Amino acid sequence: MDPAHGLLENPHDVYRRLRESAPVHRTAGPDGSPAWLVTRYEDVRAALADPRLSLDKARAREGSYRGLSLPPALDANLLNMDPPDHARIRRLVARAFTTRRVAHLRAPMRRTADLLLDALGPHGTTDLIAAYAAPLPITVICDLLGVPDDHRRDFRAWTDALVAPDPARPAAAKEAVVAMLGFFTGLIAAKRAEPADDLLSDLIAVREEGDRLTEDELMSLAFLILFAGYENTVQLIGNAVLSLLEHPEQLAALRTHPARIPAAVEEFARYEGPALLAIRRFPTEDVTIGGVTVPAGETVLLSLAAANRDPARFPDPDRLDLGRDTSGHLALGHGIHHCLGAPLARAETEIALAALLERFPDLALASDARRWRPSLRARGLVALPVTYAEKTS
């Protein structure tokens, strides 16, 4: 039996088996095309920073897994670029997507979190993904980009179709891409005509020494910010809450010491991070990883989830420990491709958890059933049924 068998259903069990027996394993990508899966921390970390592993699809050998198929107007993003193009785009984006902008979003984030919790009422049962973990980041991302309210309800369906395609609807992913392309074309035109105080308007205006983003680069960045920023944060919030509810002693400690929430978010990211895999890479020459030679052009999949549970780096890695030293975890990447939106994802998760724990001291799982999204790329819950009650005096 292939040691990667069962990866969709039980990823952490399979990753443990692979780390021990086949840490660089010939397998298949999400679309069935051949790829190499890397699972040990030392190998994954080194590969994330290896300039010989390209993100440019043009480097891929015919027949290898290439990742999502996107039109050119959405493909010109940081997840498909190497230096010097990558450095140029990232430098321009950094001039608009600043730490100050993220800091200014913290108060609106908290207001949104409180409003969503207000809507739940003082007690009851709810799906915390649909009622809280999903609408909070979509509101934040749409406010950040300047997306009108009446267009926000479609985003969840679009991203679901791309991250966890429904086998019964093979055309859904393509339809989602077409819809997003049309939406962002109109939105960018509107922002160009009437700039506002939002990130998309700033990205349109930003320039450095005469350089500025092209139309396709703008479109691709808007898509990436929405898609990655929203999806990763939904999953990180949902996974963090589930982890706490499954570990009541850790939950009690965090309630007692809420100042520890920022450090706890790093452990949630390590323990059950939103991305199972880093973006696929293609060697520009034959590369040896973990003693295995991967030919140029073949696809390399780096398992962030497997690396973050490698006992060679994190002792007793399958145990949630909010006091753990999480330095060096790879949940948000490493090297020049480290997640640009990491500060935003961290801030949203910290605020989501703080508001939830303050409001509902009697939060509990409503069901023992776990329904993870059927995805080899992402680790997130379909639903999180909980019971809740406000503190009574």
Side-chain angles (χ1 to χ4, degrees), residues 1-45 47-48 65 67-68 129 133 159-160 162-167 228 231-243 246-247 267-281 289-290 299-314 316-321 326 329-334 339 368-384:
M1 178 184 292
D2 187 328
H5 176 73
L7 188 57
L8 191 63
E9 298 81 10
N10 300 294
H12 293 302
D13 289 344
V14 175
Y15 289 144
R16 184 184 308 111
R17 190 162 65 238
L18 286 169
R19 279 194 309 266
E20 295 170 356
S21 64
V24 182
H25 177 66
R26 183 72 161 168
T27 186
D31 67 352
S33 302
W36 294 90
L37 181 61
V38 183
T39 51
R40 287 183 181 166
Y41 178 90
E42 183 179 354
D43 296 332
V44 171
R45 190 175 192 276
L48 285 170
Y65 172 64
L68 290 174
I129 301 298
T159 54
D160 276 349
L162 294 175
V163 172
D166 183 353
E231 274 300 317
N232 285 339
T233 309
V234 173
Q235 292 155 13
L236 184 54
I237 294 171
N239 296 357
V241 174
L242 175 63
S243 298
E246 290 184 325
H247 298 82
E267 171 65 350
F268 296 134
R270 181 207 69 83
Y271 178 76
E272 201 72 271
L276 292 170
L277 302 171
I279 192 71
R280 74 289 170 276
R281 283 158 163 78
I289 304 173
T299 304
V300 176
L301 300 176
L302 305 173
S303 176
L304 306 177
N308 283 334
R309 292 207 185 189
D310 187 342
R313 177 61 182 82
F314 299 103
D316 197 6
D318 295 325
R319 179 172 63 89
L320 180 71
D321 178 4
T326 59
H329 79 71
L330 303 176
L332 298 169
H334 172 65
C339 178
D368 290 335
R370 301 287 171 274
R371 285 202 302 137
W372 295 98
R373 297 172 69 180
S375 174
L376 293 171
R377 301 185 185 96
R379 181 71 167 166
L381 293 159
V382 175
L384 181 56

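Reckoned from all heavy atoms, side chains included, excluding hydrogens, waters and symmetry mates. Values in this document were obtained by computation on a predicted structure and should not be read as measured data. The first residue in the sequence is number 1, and the count goes up from there.
The two atoms that bring P311 and R19 nearest to each other are CD-NE, 3.9 Å, heavy atoms only. Looking at every heavy atom in both residues, A278 comes nearest to L48 through CB-CD2, 3.9 Å. Scanning both residues, A35 and G29, for their nearest heavy atoms gives CB-N, 4.2 Å. The nearest pair of heavy atoms linking L37 to L277 is CD1-CD2, 3.8 Å. Among all heavy-atom pairs drawn from L381 and G238, the shortest one is CD1-O, 3.8 Å. Among all heavy-atom pairs drawn from P11 and L276, the shortest one is CB-CD2, 4.3 Å.
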Given side chain to side chain contact (heavy atoms under 4.5 Å, CB included), test E272 with R309 step by step and report yes or no.
-> CA-CA 9 Å; E272 201 72 271; R309 292 207 185 189; 3.7 Å; yes
What's the verdict on side chain to side chain contact (heavy atoms under 4.5 Å, CB included) for R40 and V24, showing C-alpha distance, side-chain angles and the deciding distance?
-> CA-CA 8 Å; R40 287 183 181 166; V24 182; over 6 Å; no
Worked verdict on N232 versus L332 for side chain to side chain contact (heavy atoms under 4.5 Å, CB included) = CA-CA 9 Å; N232 285 339; L332 298 169; 5.7 Å; no
Under the side chain to side chain contact (heavy atoms under 4.5 Å, CB included) criterion, do R379 and H12 qualify, and how do the steps go?
-> CA-CA 11 Å; R379 181 71 167 166; H12 293 302; 4.0 Å; yes
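Crowding of E42 atom CD: a count of heavy atoms from other residues, nucleotides or ligands under 6.0 Å not exceeding 12.
The backbone N or O of R17 sits less than 3.5 Å from a side-chain atom of S21, completing a donor-acceptor pair. In this structure a side-chain-to-backbone donor-acceptor pair under 3.5 Å is missing from T326 to H329.
Taking R16 as the reference, D13, D318 meet the salt bridge (Lys or Arg N to Asp or Glu O under 4.0 Å) condition, with sequence neighbours excluded.
Rounding to the nearest 0.5 angstrom, the gap separating the CD1 atom in I237 from the CG atom in L384 is 11.5 Å. The structure places CG of L236 at 9.5 Å from OG of S243, a figure rounded to the nearest 0.5 Å.
The existence of a salt bridge linking E231 and R377 is excluded, since no basic side-chain nitrogen approaches an acidic carboxylate oxygen closer than 4.0 Å. Under a 4.0 Å N-O distance rule, the pair D316/R319 qualifies as a salt bridge.
Between Y65 and L301 the shortest side-chain heavy-atom distance falls below 4.5 Å. A heavy-atom distance below 4.5 Å is found between the side chains of Q235 and R373. Residues F268 and N239 form no side-chain contact, since every pair of their non-hydrogen atoms from C-beta on lies 4.5 Å or further apart. Using a 4.5 Å cut-off on side-chain heavy atoms (C-beta onward), W36 and R26 make contact. Counting heavy atoms from C-beta outward, R281 and L302 have side chains that approach closer than 4.5 Å.
Taking the ring axis of F314 as reference, the NZ or CZ atom of R270 stays within 45° of it and closer than 6.0 Å to the ring centre.
P23 pairs in a side-chain contact (heavy atoms from CB on, under 4.5 Å) with only one of the listed residues (I289, T39, V44, D310), which is T39.
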